[in-house]
Amino acid sequence: EDKVVQSPLSLVVHEGDTVTLNCSYEVTNFRSLLWYKQEKKAPTFLFMLTSSGIEKKSGRLSSILDKKELSSILNITATQTGDSAIYLCAPILGRNNDMRFGAGTRLTVKP
Amino acid sequence: KAGVTQTPRYLIKTRGQQVTLSCSPISGHRSVSWYQQTPGQGLQFLFEYFSETQRNKGNFPGRFSGRQFSNSRSEMNVSTLELGDSALYLCASSSPGVGEQYFGPGTRLTVT
């Protein structure tokens, strides 16, 4: 059975802190991995990672995939209150757009 | 480009009724996936449609069904509603082979 585990489940930090969110997966026919940010409504796309060891960066957010360890991390530096959200990772399986979401990490950034 | 749209945004139904939710993908996207999100279970995959054909299906009972039209718009139907079907239903669209999916705002269904 496919398994996606995110840790920690919940995290409370103060503005300016750096956080690292983890995603590990055990799935069949892994193709790539997506990260999403979900605030009040729909998840918004952050990154897609296909190759191991290549960091993707967008402003204060960065992410990297480790196919050997079957895991990915999402880093957020100099956190702001606007980063408060649930962060979801989702491996894509097979040739179709078959995604399996983790339970998410709820990040709260306090002023 | 307009984003993914879903209608209705909110819905209240009673047990035993049926409901139909609609999703219009981003123009040019031919793949539409449906998800159920609840506080206890997180985001769970329902099914995916591509070119009017169901390509993938998650572990949901047969009361959950869907279809896709030739213009890529998709509908999801839940029959014989149960209290546990109360959830946010999200649809997402993507381009063939691209992978990343773009979500609509969701339909919040409450079953009383």
Side-chain angles (χ1 to χ4, degrees), chain A residues 1-10 21 23-25 27-51 54 56 58 61 63 65 72 74 85-107, chain B residues 1-7 9-10 21 23-26 29-51 53-60 68 72 74 87-108:
Chain A
E1 190 183 315
D2 298 324
K3 208 162 114 177
V4 183
V5 177
Q6 290 189 244
S7 63
L9 287 180
S10 181
L21 312 182
C23 173
S24 64
Y25 58 89
V27 300
T28 50
N29 294 323
F30 175 87
R31 183 154 65 97
S32 50
L33 186 139
L34 306 183
W35 281 96
Y36 286 88
K37 176 183 180 183
Q38 186 173 24
E39 294 173 88
K40 295 215 187 299
K41 297 267 165 66
T44 52
F45 172 77
L46 292 174
F47 297 111
M48 181 164 84
L49 306 161
T50 305
S51 303
I54 297 175
K56 291 253 177 130
S58 175
L61 276 68
S63 185
L65 178 67
S72 174
L74 174 70
I86 296 173
Y87 290 85
L88 299 160
C89 74
I92 301 179
L93 317 180
R95 293 174 59 201
N96 302 329
N97 295 329
D98 191 357
M99 303 204 317
R100 296 284 180 266
F101 279 88
T105 293
R106 180 180 290 277
L107 174 66
Chain B
K1 246 189 197 178
V4 178
T5 58
Q6 289 186 247
T7 57
R9 295 292 307 281
Y10 301 92
L21 313 182
C23 172
S24 292
I26 291 171
H29 286 190
R30 289 162 59 196
S31 168
V32 173
S33 298
W34 287 90
Y35 297 87
Q36 182 196 65
Q37 187 172 36
T38 58
Q41 299 292 323
L43 252 170
Q44 292 189 285
F45 173 72
L46 280 154
F47 27 65
E48 187 228 357
Y49 285 87
F50 178 80
S51 290
T53 301
Q54 187 182 89
R55 283 203 299 196
N56 292 305
K57 192 175 187 326
N59 293 327
F60 277 81
Q68 186 180 35
S72 295
S74 177
L88 179 67
Y89 290 88
L90 293 161
C91 83
S93 74
S94 62
S95 284
V98 172
E100 65 222 51
Q101 297 186 7
Y102 294 89
F103 284 85
T107 294
R108 181 157 303 276

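Convention: sequence-line order gives letters A, B, ...; per-chain numbering from 1.
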Open item on the list: Counting only non-hydrogen atoms closer than 4.5 Å, does B/Leu43 touch chain A with its backbone (N, CA, C, O), its side chain (CB onward), both, or neither?
Closed with: both
TODO: Flag yes if more than 12 heavy atoms outside A/Lys3 fall under 6.0 Å of its NZ atom; otherwise flag no.
DONE: no
Open item on the list: List the residues meeting side-chain hydrogen bond (donor to acceptor under 3.5 Å, both in side chains) with A/Tyr87, not counting sequence neighbours, and say none if there are none.
Closed with: none
TODO: To the nearest 0.5 Å, tell me how far A/Met99 CE sits from B/Phe45 CZ.
DONE: 9.0 Å
Open item on the list: Students often mix this up, so state it plainly: with edges at 30° and 60°, are the rings of B/Tyr102 and A/Phe45 parallel, tilted or perpendicular?
Closed with: tilted
Open item on the list: If I measure from the heavy atoms of chain A, does B/Gln44 come under 4.5 Å with its side chain, its backbone, both, or neither?
Closed with: neither
Task: Proximity breakdown for B/Phe50 and chain A, heavy-atom pairs closer than 4.5 Å - done: neither
Open item on the list: Please rank B/Ala92, B/Pro105, B/Gly42, B/Gly106 by heavy-atom pairs under 4.5 Å with chain A and give me the top one.
Closed with: B/Pro105
- [ ] First locate atom CD1 of A/Ile92, then atom OG of B/Ser94, and finally report the distance between them rounded to the nearest 0.5 Å.
- [x] 8.0 Å
Task: Chi angles and distances behind the side chain to side chain contact (heavy atoms under 4.5 Å, CB included) call for A/Gln38, B/Phe103 - done: CA-CA 10 Å; A/Gln38 186 173 24; B/Phe103 284 85; over 6 Å; no
Task: Contacting region of A/Leu88 [heavy-atom separation from chain B under 4.5 Å] - done: side chain
